[in-house]
2 protein chains.
Amino acid sequence: MERKTPAKKTISEFLNSTVSPVDIEQIIEYLRSKNLKTNKVTVYRIIEHFYKEGIVTRLELGEGKFRYELNRNHHHHLICQKCGKIEDFKDVTIQELEKKIFKQRGFLVKYHSLEFFGICKNCQG
Amino acid sequence: MERKTPAKKTISEFLNSTVSPVDIEQIIEYLRSKNLKTNKVTVYRIIEHFYKEGIVTRLELGEGKFRYELNRNHHHHLICQKCGKIEDFKDVTIQELEKKIFKQRGFLVKYHSLEFFGICKNCQG
DNA sequence: TGACAAATGCAACTAAGTTGCATATACTCA
DNA sequence: TGAGTATATGCAACTTAGTTGCATTTGTCA
């Protein structure tokens, strides 16, 4: 049966406190800042566990590594190519698209990933 | 000025011949099969060059590495979680979404990535 | 054909993520 | 509440994707 360990609790706490998706290193930094002795293997394993449980979502934003965030309500991302800020964006038209894909192609969509890259409001002009 | 080298030509040829996005290793295998002595650094550099020129598109499909395909007309992907087949999918509603994002949020979308994960027709039932 | 910039190859490196195995610890139940 | 045990952790060593510096080769054009 699953156990509530300090590392798990602290990672959950961190994920709850952040707005942008975080990478493994940020998690490790947070644990260190809380004076928890830690280890990347453990962090990878906890995050993988959260991922398998559906607690977190895994994202790739073109960096060659994964980022994670709490799997609250589904949304997409607006990633600024200048300042790197990641905004959330919610929309329902994709659900329509998924239905269409099934009708037209017989492909049953389980989930999707949608990221928009561009220039945020502050970085324009 | 840019040169047409055997490696570049052969990689172009390979990209033209494939339907699914390929990874670096597949490119190296192809070059070997054509008896071109090759080297991963060169392949990375050529692909990066193609990418910067806008000749290829770079994709991440949750594998922890990149895949590439010719930048023909823009489309999305349907990735089967059982057999791994990657189908293309074209749709215009995303363009509408991009306009909406600019109107609502002032975020100027340069490009997006959209992948659908699920079960293809053949793998169902 | 020769000069020169562009392209390649090699070796060594970095960074993300994984594996095996020994040790530590959260939880259960007597 | 304390011992036993499965779960979680830590360490070291590894794999794989991708990068860098530098010396050598090669395509192109005059």
Side-chain angles (χ1 to χ4, degrees), chain A residues 1-15 20-53 55-69 79 84 86 113 115, chain B residues 1-15 18 20-69 79 84 86 113 115:
Chain A
M1 126 254 45
E2 199 200 318
R3 287 180 194 166
K4 276 178 200 164
T5 63
K8 254 186 218 166
K9 276 188 240 169
T10 311
I11 292 176
S12 288
E13 172 193 313
F14 180 49
L15 291 168
S20 297
V22 299
D23 61 22
I24 297 292
E25 210 176 317
Q26 288 172 298
I27 297 173
I28 291 172
E29 272 164 32
Y30 184 81
L31 291 171
R32 296 238 163 92
S33 80
K34 293 283 166 182
N35 295 313
L36 276 177
K37 102 170 200 181
T38 196
N39 174 285
K40 66 171 182 162
V41 180
T42 302
V43 175
Y44 273 107
R45 289 200 269 233
I46 290 173
I47 272 294
E48 197 200 344
H49 168 77
F50 284 171
Y51 178 61
K52 282 190 179 158
E53 295 287 309
I55 295 164
V56 300
T57 298
R58 194 167 77 167
L59 305 166
E60 291 178 303
L61 306 179
E63 303 167 299
K65 69 180 173 189
F66 294 109
R67 287 185 175 271
Y68 301 88
E69 66 179 355
I79 300 122
I86 303 170
S113 92
E115 324 298 339
Chain B
M1 125 256 45
E2 201 200 319
R3 287 177 195 169
K4 276 178 199 164
T5 63
K8 253 186 218 167
K9 276 188 237 168
T10 312
I11 293 177
S12 288
E13 174 194 312
F14 180 49
L15 291 169
T18 54
S20 297
V22 300
D23 61 22
I24 297 292
E25 211 176 319
Q26 289 173 297
I27 297 173
I28 291 172
E29 272 165 31
Y30 184 82
L31 291 171
R32 296 238 164 92
S33 81
K34 292 284 165 183
N35 294 314
L36 274 179
K37 102 170 203 185
T38 194
N39 175 284
K40 65 170 183 161
V41 180
T42 303
V43 174
Y44 274 106
R45 289 200 268 231
I46 290 174
I47 271 294
E48 197 201 344
H49 168 77
F50 283 171
Y51 178 61
K52 282 190 180 159
E53 295 287 309
I55 294 163
V56 300
T57 298
R58 194 167 76 169
L59 304 166
E60 290 179 304
L61 306 179
E63 303 167 300
K65 68 180 171 190
F66 294 108
R67 287 185 176 271
Y68 301 87
E69 66 179 355
I79 300 123
I86 303 170
S113 94
E115 324 297 340

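The chains referred to below are lettered A, B, ... by the order of the sequence lines, with proteins before strands, and numbering in each begins at 1.
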Carboxylate-amine/guanidinium contact Lys9(B) Glu13(B), below 4.0 Å |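 Result for this pair is no, no salt bridge flagged.
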Salt bridge between Lys8(A) and Glu2(A), side-chain N to carboxylate O under 4.0 Å?
->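 Result for this pair is yes, salt bridge flagged.
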Give the rounded distance in Å between these two atoms: [atom1] of [X] and [atom2] of [N].
X	N	atom1	atom2	result
Phe50(B)	dA7(C)	CZ	P	11 Å
Asn39(A)	dT19(C)	CG	C1'	13 Å
Arg67(B)	dT16(D)	CZ	P	16 Å
Lys37(B)	dA7(C)	NZ	P	18 Å
Glu29(A)	dA15(C)	CD	P	14 Å
His49(A)	dA6(D)	NE2	P	19 Å
Glu48(B)	dA17(D)	CD	C1'	14 Å
Ile28(B)	dC10(C)	CD1	C1'	14 Å

Quick one: CD on Glu63(B) to CD on Glu60(A), what's the gap to the nearest 0.5 Å?
->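 The CD atom of Glu60(A) is 8.5 Å from CD of Glu63(B), to the nearest 0.5 Å.
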At under 4.0 Å, does any side-chain N or O of [X] touch on OP1 or OP2 of [N]?
X	N	answer
Thr5(A)	dT25(C)	no
Lys8(A)	dA8(D)	yes
Thr42(A)	dG10(D)	yes

With sugar-phosphate meaning primed atoms plus P, OP1 and OP2, does Lys40(B) contact a base, only sugar-phosphate, or nothing at under 4.0 Å between heavy atoms?
->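 Since a base atom lies under 4.0 Å of Lys40(B), the category is base.
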Looking at Asp23(A), Leu59(A), Ile24(A), which hits side-chain contact (heavy atoms from CB on, under 4.5 Å) with Tyr68(A)?
->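 So the option named by the test is Ile24(A).
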The single option from Thr38(A), Thr42(A), Ile46(A) passing side-chain contact (heavy atoms from CB on, under 4.5 Å) against Leu31(A) |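 It is Thr38(A); the other options fail the test.
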Residue closer to the 5' end of DNA chain D, Pro6(B) versus Gly64(B) (nearest nucleotide) =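 Closest to the 5' end, via its nearest nucleotide, is Gly64(B).
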So which one's nearest nucleotide on DNA chain C is more toward 5', Thr38(B) or Arg45(A)?
->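 Between the two, 5'-proximity favours Thr38(B).
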Check if the side chain of Arg3(B) and the base of dA6(C) share a donor-acceptor pair of N or O atoms closer than 3.5 Å.
->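 It does, because a donor-acceptor pair links the side chain of Arg3(B) to the base of dA6(C) below 3.5 Å.
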From dG18(D), dC27(C), dA7(C), nucleotide with atom closest to Tyr44(B) side chain =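 In terms of side-chain proximity for Tyr44(B), the closest of dG18(D), dC27(C), dA7(C) is dG18(D).
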The side chain of Val41(A) lies closest to which of these nucleotides: dC10(C), dT19(C), dA6(D)?
->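 Ranking dC10(C), dT19(C), dA6(D) by closest atom to the Val41(A) side chain puts dT19(C) first.
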